[in-house]
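The structure under discussion appears below in the form of structure tokens.
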Amino acid sequence: MDFSKVVGALDQGFNWFISLGGAAMMFIIITLLSLAFGVKLSRAFEGGLRMAMALTGMSAVISLLTTAFGPALKAFVSFTGLHLSISDLGWAPIAVITWSSLYTLYFAFICIITNLVMLALKATNTLNVDLFNIWNVSILGLLINWSSGGNFFLMSIFVVFIYALMLFNADAMKPTINDLLGYDETNITTTAHPELLVTPIVVLLDRLISKIFPFIDKFDFDAETLNKKIGFLGSKGAIGAYLGVFVGLLGRQDAPHIFTLAFTAGVALELFGIVGDWFAPAIEPLSEGITSFMERRMHGRKLYVAIDWPILASRAEIWAVANILAPILLIIAMVLPGNNVLPLGGIILTVLAPALLIGTRGKVVRMTLIGTIMIPIFLWAATLIAPFLTQTSKAMSVFPAGLGKNEMFSAVDSDPIEKMLALLFGNAAKTLDWKLILCSVLALVAYVGLFMWYVHTLRKEAKLRGENNTPTVAVTAHMASKAVEEDEADVAAQSNESTGSVEKDESSQKSKRTVGARVAMTSMVPSLLAWIKDSGSGSLRNRLRSFIPREPVAVG
């Protein structure tokens with residue numbers, strides 16, 4: 001057998017498959033994979049077709065946005081001399097690139113194996129069925145591969161490492177998610193979305209704020225009320241229109257062009273949300289097949305099931321803070337040293353707001369302050385990955401239409417720290433420069449150390465909430481009720497001994513006062529527990545005074 005002919009035929013077949021394009025590739029791959037996991041033919045076909053439609057639709061929306069914004073952005077750069085020459089097209093181009101790469105299937109495979117092994121070893125209780133968002137991990141592996149010159153081993157290890165942290169994070173966040181969303185202990189829903197890997201930084205900054213500005217929560221406000229007041233003016237379409245006007249003014253466009261940019265951007269941002277919602281149903285049949293496969297082999301063990309981050313979207317704080325941070329992101333992008341990205345597609349920071357919600361437990365002022373501090377990390381990461389995205393999209397024939405040949409694009413998207421680490425590790429492995437290797441080791445130690453501290457902190461706080469809230473209050477209420485019942489019985493018995501004795505009447509009144517005192521004390525305990533947990537500023541004497549009843553408790 002002539003192996004050279006076999007290899008040539010395989011290579012020719014592979015190149016033909018790639019030439020079909022990302023949408024056709026994923027239609028075939030998703031359909032066949034779903035069938036392999038026992039999904040019915042009709043459902044498997046549905047998943048593959050939905051994926052192809054989602055990828056095609058997203059490419060069309062990106063083309064619409066870039067074609068409209070291209071001339072204004074070019075004019076802006078030439079007029080001002082600012083180097084914000086990288087167009088932020090949001091997460092969609094990254095998803096198109098990664099889902100058009102066969103590496104993504106490899107990453108999905110090793111991530112599933114990692115999840116199975118960790119479940120078998122009881123290192124995690126989370127089964128991650130959010131397979132679509134594997135592209136967030138895939139981009140990290142592709143960055144390692146690109147920056148290291150094709151180091152397959154390092155790429156694989158890094159992907160497994162990040163995926164394991166995602167599962168640990170899902171376990172650690174579960175009590176907080178239960179508390180924020182009102183889930184009971186039987187609920188199994190969580191999320192392992194990689195965008196939540198920035199939560200350790202949020203928690204660290206939150207603790208620093210508590211020490212430096214302990215009074216900050218006095219200025220907090222109700223996010224749901226704010227969202228209702230903003231209404232449509234805070235919607236994706238409206239924000240897109242504002243952006244269109246902003247870019248048009250920056251590019252010194254005339255009035256007709258500014259209106260066109262405003263309406264086009266509004267449509268594009270609305271369509272990003274609509275078409276983005278197609279991806280989850282596309283991967284659903286395959287997720288169902290894998291979930292069924294897992295359940296048959298887990299023998300009824302209770303697991304957390306991790307899905308996409310929008311399980312947190314019901315909290316109004318996410319959308320209030322996303323609206324507040326949008327103009328702040330634009331202003332910081334204009335003045336931040338080392339940033340070349342003009343944020344457009346990622347202007348609504350849903351890649352950051354969920355982590356802010358978890359880390360601060362929904363305190364809007366803290367969320368806004370910490371979000372503002374963290375915005376530069378996302379802009380720097382977007383700037384760093386722009387060359388990779390541009391080169392790779394051209395090589396894969398998925399370069400966004402409407403951009404010039406020499407233009408670059410990027411995305412203000414999730415995993416900024418992990419993207420920086422991927423580039424650092426890849427360059428260290430490629431050059432073997434001792435300085436880069438040392439920086440890589442120190443960065444890895446700091447990253448892992450922060451994550452371990454964060455997991456320990458969440459577990460400790462979850463334990464305190466479990467011990468100091470419901471159980472204690474329930475026991476206290478039961479004791480109070482029992483004490484009142486016993487003392488009322490004593491009073492009744494003493495009162496019934498004689499109906500004319502003054503001494504016994506005095507004894508009865510004394511007993512009633514005793515009941516009143518005990519009721520007052522027991523009714524104060526739950527408030528006292530809450531005060532101990534979340535004590536504010538002021539002297540101990542003043543805080544104790546707040547728990548002394550100012551009026552006598554009437555009993556009987």
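These numbers come from the heavy atoms of this one structure, side chains and all, not from hydrogens, waters or symmetry mates.
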Specify the closest pair of heavy atoms between [X] and [Y], including all atoms of both residues, with the distance to one decimal.
X	Y	answer
Thr104	Ser138	OG1-OG, 2.8 Å
Ala306	Ala192	CB-N, 3.6 Å
Pro343	Leu330	O-CD2, 3.7 Å
Val39	Ala44	CG1-N, 3.7 Å
Ala422	Ile144	O-CD1, 3.4 Å
Leu49	Phe27	N-CD1, 3.5 Å

For the [atom1] atom of [X] and the [atom2] atom of [Y], what is their distance to the nearest 0.5 Å?
X	Y	atom1	atom2	answer
Leu329	Leu336	CG	CG	10.0 Å
Leu143	Asn145	CG	CG	9.5 Å
Leu167	Ile162	CG	CD1	11.5 Å
Ile139	Tyr103	CD1	OH	13.5 Å
Met374	Ile417	CE	CD1	7.0 Å
Leu127	Met118	CG	CE	12.0 Å

| request: Sort and list the pairs that fulfil side chain to side chain donor-acceptor pair (under 3.5 Å) and have at least one residue in residues 418-447, not counting sequence neighbours. | output: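 Of all non-adjacent pairs touching residues 418-447, those that pass side chain to side chain donor-acceptor pair (under 3.5 Å) are Glu418-Tyr447.
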| said: Test: side chain to side chain donor-acceptor pair (under 3.5 Å). Region: residues 153-169. Which pairs qualify, not counting sequence neighbours? | reply: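 Those involving residues 153-169 are Tyr106-Ser156, Asn128-Tyr163, Asn169-Tyr454.
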| query | In this structure, which one of Asp171, Thr190, Asn115 forms a side chain to side chain donor-acceptor pair (under 3.5 Å) with Thr126? | reply | Asp171
I'd like to check [X] versus [Y] (side-chain heavy atoms, cut-off strictly below 4.5 Å). Are they in contact?
X	Y	answer
Leu349	Ile375	yes
Leu142	Phe388	yes
Val203	Ile358	no
Met166	Val137	yes
Pro376	Asn339	no
Pro175	Leu458	no
Pro354	His193	no
Asp413	Phe378	no

| Would the number of heavy atoms belonging to other residues, nucleotides or ligands and lying under 6.0 Å from NZ of Lys394 be above 12? | yes
Please check if the side chain of [X] supplies one atom and the backbone of [Y] the other of a donor-acceptor pair under 3.5 Å.
X	Y	result
Asp88	Leu342	no
Thr392	Leu389	no
Asn340	Thr383	no
Trp380	Pro337	yes
Thr114	Ile110	yes
Ser393	Thr390	yes
Ser148	Asn151	yes
Thr98	Ala95	yes

| task | Any chance you could lay out the side chain to side chain contact (heavy atoms under 4.5 Å, CB included) test for Val160 and Cys111, step after step, and finish with the verdict? | result | CA-CA 6 Å; Val160 169; Cys111 287; over 6 Å; no
| message | Would you call the rings of Phe451 and Phe168 parallel, tilted or perpendicular, taking 30° and 60° as the class edges? | response |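 Rings of Phe451 and Phe168: tilted, as their planes differ by 30° to 60°.
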| request: Please work out whether the ring planes of Phe425 and Phe158 are parallel, tilted or perpendicular, with thresholds of 30° and 60°. | output: perpendicular
| task | Report the C-alpha separation of Ile332 and Thr372 in whole Å, then their side-chain angles, then the decisive distance to 0.1 Å, and conclude whether the side chain to side chain contact (heavy atoms under 4.5 Å, CB included) test is met. | result | CA-CA 9 Å; Ile332 292 177; Thr372 302; 4.1 Å; yes
| query | Where do Thr191 and Met173 land on the side chain to side chain contact (heavy atoms under 4.5 Å, CB included) test, with the steps shown first? | reply | CA-CA 8 Å; Thr191 179; Met173 291 188 302; 4.3 Å; yes
| Under the side-chain contact (heavy atoms from CB on, under 4.5 Å) test, residues paired with Ala36 that sit two or more places apart | none
| task | Evaluate the criterion side chain to side chain contact (heavy atoms under 4.5 Å, CB included) for residue pair Leu35 and Lys40; output intermediate values, then yes/no. | result | CA-CA 7 Å; Leu35 290 172; Lys40 292 181 180 179; over 6 Å; no
